[in-house]
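Step one of this worksheet: look at the structure below.
Please read all numbers here as calculations on a predicted model, not as lab measurements.
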Amino acid sequence: YSHTKSNFIIMSHIAVSSKFSLFFSIIAPYRFRFYILFFILVLSAIAETLSIGSVFPLLLTIVDPQSVSSNTFLVVISNFFGEKHLLLIASLLTLALFFCRTVITLLRSYYAAFFTNSLRHKWTSSIFKNYLQGRLLDISMEKQGNLVNSMISEPIYAAKAINSLTDLCV
């Protein structure tokens, strides 16, 4: 039993590592753009967490102003700006965090589209070059729809899949 289990673990490790190597070979020319996109995804996740986490101190300030002393963040704001402006400052900070989250989310969407369109352009160009370098007899025997599908539709579907993967990460 343990021999079968260890073989399964080794085979699953090989399968996962081969999928990662396949993924990185696909994006190899755009590796730097991928790292920037990954950084933006992490930044987006942090901004999402901070913006949602800022709602609780704001609600705490509104519902029970006396319990501000139990929240370290609100105590610092209260000491710096005064208790009179605590609700205003907490509201402005919450709005600022939500605004930053929205800007980072828009940046993520823009850069993910830029990244996937770059990949789509590369794939379309590669397919077109392969057709140009192919034998004319082989190309002429193929249906015109297959040529159009290979050059236009397939790279678009592949780019949409990469874009969906980036949306799934966040």
Measure the spacing between OG of S109 and CD1 of I40 and express it to the nearest 0.5 Å. 10.0 Å

ring-ring contact (aromatic ring centres under 6.0 Å, His included), that's the test. Do F32 and Y35 meet it? Break it down for me. CA-CA 5 Å; F32 182 71; Y35 291 139; 7.8 Å; no

Atom OG of S125 and atom CZ of R120: how far apart are they, to the nearest 0.5 Å? 9.0 Å

Separation of L119 CG from T124 OG1 (nearest 0.5 Å): 10.5 Å

Can you tell if the side chain of W123 reaches within under 4.5 Å of the side chain of I156, non-hydrogen atoms only? no

Could you tell me the separation between the CZ atom of R108 and the CG atom of L106, rounded to the nearest 0.5 Å? 9.0 Å

Report the hydrophobic cluster partners of I52, with the cluster defined as I, L, V, M, F, W, Y residues connected by side-chain heavy atoms closer than 4.5 angstrom, directly or transitively. none

Any idea how Y111 and F114 line up, ring-wise: parallel (<30°), tilted (30 to 60°), or perpendicular (>60°)? tilted

Could you list the cluster mates of F39? Members are the ILVMFWY residues connected by side-chain heavy atoms closer than 4.5 Å, either directly or through other members. L43, I104

Once you measure the plane-to-plane angle for F115 and F34, does it fall in the parallel (<30°), tilted (30-60°) or perpendicular (>60°) bin? tilted

Check for me, please, whether Y110 and F38 land in the same ILVMFWY cluster - side-chain distances under 4.5 Å, paths through other members count. no

Set of ring-ring contact (aromatic ring centres under 6.0 Å, His included) partners for F99, sequence neighbours left out: none

Heavy-atom distance under 4.5 Å between the side chains of R101 and L50, does that happen here? no

Inter-residue atom distance T102.OG1 - L95.CG, 0.5 Å rounding: 10.5 Å

